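Since the model is a prediction, treat every value here as computed from it, not as a measurement.
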Amino acid sequence: VVAATILISAGEASGDLYAAGLVRALQSRHPDLDFFGCAGPKMRAAGVEATVDSASLAVMGLVEVLRHIPGIYREYRKLLRAVALRRPTLAILTDSPDFNLRLAKQLKKMQIPVVYLIAPQVWAWRKDRLPLMRRTIQRLLCIFPFEQAFFERHGIPTTYIGHPLTRLIRPSASPASLRRKFQNETNGSLVALLPGSRKGEAMRHMESLIDAAERISRATPTRFLLALPEGFSARVDLSNFRERFSRAAIQVIEGQTWDVLACVDLALAASGTVTMEACMLGTPMVTFYRVNRWSAMMARRLVKVPFFCMVNLIAERPLVVELIQEDFTGERLAAEALKLLNDQSARLAMRAALGQLAETLAGSQDPMEAAASEVERFLVKEMVHVS
């Protein structure tokens with residue numbers, strides 16, 4: 001049995017989910033492990049002591065992040081003080097490269113080895129991060145099959161573990177039961193509205209998303225499930241939208257995204273982890289995203305990939321429609337949604353293609369168990385070194 005203290009850091013909802021899964025896998029092998037760091041609700045539920053709340057880091061957009069920098073830096077310094085005090089045996093950093101790669105640099109100075117879970121997407125942009133990653137990361141755990149060859153080509157020790165969502169996603173009931181639960185007794189369509197998990201991105205998307213729902217409702221009988229992260233409405237004032245929610249038959253559901261995706265006919269989803277969740281559940285979708293105009297201008301110069309949505313990147317073809325920036329309007333979104341709602345064969349074909357894609361991402365071993373084995377190897381080595 002290994003008894004050690006581990007720093008673990010994740011900066012947003014998906015990282016919180018994956019890191020919590022890894023913590024549980026490690027605890028089942030070594031109950032005496034002590035975890036602390038930058039944690040969200042799922043990591044806290046798994047027993048991680050939250051020195052810093054990961055919600056404070058969840059900001060998207062190159063320009064949008066600027067006004068949050070003082071607060072983020074304050075949390076960063078707080079975490080570093082805890083690291084200096086507790087001297088963890090090992091650090092597990094999860095996604096959020098703006099925060100975690102800066103942290104990795106300091107951990108290197110403290111001679112604390114780093115295992116990095118969920119590779120920063122430097123194959124898309126910010127290749128200038130590769131030298132820092134090479135210097136500071138002892139083992140990179142990647143979740144997309146094409147990433148291992150890329151990172152090893154750049155001298156970073158990498159293990160492909162498979163995508164965690166292939167094993168983590170578990171709706172609570174059958175699609176038919178869930179449709180009844182969400183009160184869709186009519187013959188109309190059921191559509192999920194997924195504006196994003198971060199407050200800023202969700203509010204940027206909300207107006208056009210509701211506009212699309214109103215247009216779809218006028219064209220065909222439809223009920224909508226607005227799927228939000230747990231506790232979202234406690235943090236964000238949605239009162240301005242209540243009347244429109246009612247008029248367009250939009251039901252607000254919090255903390256049940258997998259259940260929502262499992263039973264709807266179609267998802268209108270902000271590009272991000274939720275599109276991979278929809279993929280794993282075989283849910284037909286239309287994706288969208290909008291950032292600040294200046295962020296968009298910079299991103300167009302920096303990002304070097306043919307698609308914005310990860311589903312399309314992995315498929316290497318436009319499997320799902322992407323409406324980005326000025327293309328994302330209520331009118332365009334409604335039009336693309338209606339094409340799929342009115343064409344059952346197109347929806348079935350997309351379900352089949354998404355299912356095939358999900359299969360390619362499922363490794364032979366549970367990704368969290370594979371990750372735990374890599375962490376365990378480093379832990380044993382470090383404990384031997386210390387002794």
Please check: side-chain N/O of His205 versus main-chain N/O of Arg290, any donor-acceptor pairing under 3.5 Å?
yes
Does the side-chain contact (heavy atoms from CB on, under 4.5 Å) test come out yes or no for Lys105 and Leu132, once each step is laid out?
CA-CA 8 Å; Lys105 193 174 179 180; Leu132 175 61; 4.2 Å; yes
Looking only at side chains, do Ser54 and Asp16 share a donor and an acceptor under 3.5 Å apart?
no
Of all heavy-atom pairs between Ala227 and Pro195, which one has the smallest distance, and what is that distance?
O-CD, 3.8 Å
Judged by modelled atom types alone, do Ser177 and Arg180 share a side-chain donor-acceptor pair under 3.5 Å?
yes
Does Ile161 form a side-chain contact (heavy atoms from CB on, under 4.5 Å) with Cys142? I'd like the steps, not just the answer.
CA-CA 6 Å; Ile161 60 171; Cys142 65; over 6 Å; no
In sequence, state the C-alpha distance, the side-chain angles, and the governing distance for Tyr116 and Asp95, and then conclude on side-chain contact (heavy atoms from CB on, under 4.5 Å).
CA-CA 8 Å; Tyr116 208 109; Asp95 209 355; 5.5 Å; no
Is there a chain of hydrophobic side chains (I, L, V, M, F, W, Y, each step under 4.5 Å between heavy atoms) that links Phe146 to Val122?
yes
Check: Val264 and Leu225 side chains under 4.5 Å, non-hydrogen atoms:
yes
According to the interplanar angle, ranging from 0 to 90°, do the rings of Phe241 and Phe245 count as parallel (below 30°), tilted (30 to 60°) or perpendicular (above 60°)?
parallel
Are Lys181 and Gln256 linked by a side-chain donor-acceptor pair shorter than 3.5 Å?
yes
Hey, what do you get for CD (Glu49) to CD1 (Ile8), rounding to the nearest 0.5 Å?
13.5 Å
Backbone N or O of Met110 within a donor-acceptor pair of the Arg87 side chain at under 3.5 Å?
yes
Are Ser9 and Leu103 side-chain neighbours, meaning at least one heavy-atom pair lies under 4.5 Å?
yes
Check: Asp211 side chain, Glu207 main-chain N or O, donor-acceptor pair, under 3.5 Å:
no
Say whether, by atom type as modelled, one donor and one acceptor occur between the side chain of Glu254 and the main chain of Gly231 under 3.5 angstrom.
yes
More than 12 heavy atoms of other residues, nucleotides or ligands under 6.0 Å from CD of Glu230: yes or no?
no
Asn312 side chain vs Leu319 backbone, donor-acceptor pair below 3.5 Å
yes
Closest non-hydrogen atoms of Leu268 and Ala337, given as atom of the first, atom of the second and distance, are CD2-CB, 3.9 Å
Working to the nearest 0.5 angstrom, can you tell me the gap between Met206 CE and Arg244 CZ?
10.5 Å
Would you check if Lys108 and Val114 make a side-chain contact, meaning some heavy-atom pair closer than 4.5 Å?
no
Just wondering, do Leu226 and Ile253 contact through their side chains at under 4.5 Å, heavy atoms?
no
Shortest non-hydrogen separation from Gly188 to Arg179 and the atoms involved:
O-NH2, 3.8 Å
With no hydrogens and no angle check, is any side-chain donor or acceptor of Gln251 less than 3.5 Å from a backbone partner on Ser246?
no
Evaluate Tyr289 against Gln325 for side chain to side chain donor-acceptor pair (under 3.5 Å), listing each step before the verdict.
CA-CA 6 Å; Tyr289 210 83; Gln325 288 307 103; over 6 Å; no
Identify the heavy atoms of Pro145 and Leu361 that sit nearest to each other, and give their distance.
CD-CD2, 3.5 Å
Partner of Glu201 under salt bridge (charged side-chain N to carboxylate O under 4.0 Å, His left out), picked from Arg204, Arg198, Lys199, is Arg198
Tell me, do Val286 and Val320 make a side-chain contact under 4.5 Å, heavy atoms counted?
no
Return yes if some donor-acceptor pair links the side-chain N/O of Arg223 with the main-chain N/O of Leu190 below 3.5 Å, else return no.
no
Are the side chains of Pro367 and Ile143 in touch, meaning some heavy atoms are under 4.5 Å apart?
no
If you round to the nearest 0.5 Å, how far is CG of Leu357 from CE of Met310?
11.0 Å
On the ring face of Phe36, is Arg86 found with NZ or CZ under 6.0 Å from the centre and within 45° of the axis?
yes
Rounded to the nearest 0.5 Å, how far does CD of Glu336 lie from CG of Asp327?
9.5 Å
Stepwise salt bridge (Lys or Arg N to Asp or Glu O under 4.0 Å) check, Arg129 with Asp98
CA-CA 10 Å; Arg129 286 173 164 162; Asp98 288 316; 2.3 Å; yes
Closest non-hydrogen atom pair, Arg351 against Pro284
CZ-CD, 3.5 Å
Would one find more than 12 heavy atoms of other residues, nucleotides or ligands at under 6.0 Å from atom CZ of Arg167?
yes
Glu243 and Arg247 ion-paired at < 4.0 Å:
yes
Looking only at non-hydrogen atoms, find the nearest pair between Asp343 and Lys339 and report the distance.
CB-O, 3.2 Å
Are the side chains of His163 and Tyr18 in contact, using a 4.5 Å heavy-atom criterion?
yes
Point-to-point distance, once rounded to the nearest 0.5 Å, from CD1 of Ile137 to CD1 of Ile156
6.0 Å
Going by side chain to side chain donor-acceptor pair (under 3.5 Å), name the pairs with one or both residues in residues 267-276, residues two or more places apart or in two chains.
Ser14-Thr273
Between the main-chain N or O of Leu26 and the side-chain N or O of Ser28, is there a donor-acceptor pair closer than 3.5 Å?
no
Is the closest basic N to carboxylate O distance between Arg29 and Glu369 below 4.0 Å?
yes
Checking Glu322 side chain against Thr287 main chain: does a donor-acceptor pair fall under 3.5 Å?
no
Atom pair CG (Leu261) and OG1 (Thr257), whose distance is rounded to the nearest 0.5 Å:
6.5 Å
In this structure, would Met280 and Leu348 fall into the same cluster of hydrophobic residues linked by side-chain contacts under 4.5 Å?
no
Just checking, is any N or O donor in the side chain of Thr158 or Glu147 under 3.5 Å from an acceptor N or O on the other one?
no
Crowded around Glu331 CD? As in, over 12 foreign heavy atoms under 6.0 Å?
no
Any chance you could lay out the side-chain contact (heavy atoms from CB on, under 4.5 Å) test for Phe328 and Arg332, step after step, and finish with the verdict?
CA-CA 7 Å; Phe328 172 45; Arg332 282 289 306 278; over 6 Å; no
Strictly under 6.0 Å, is that where the ring centroids of Trp123 and Phe151 end up?
no
Report yes if some heavy atom in the side chain of Leu93 is under 4.5 Å from a heavy atom in the side chain of Phe99; otherwise report no.
no
Between Asp259 and Arg170, does at least one N-O distance fall below 4.0 Å, as a salt bridge requires?
no
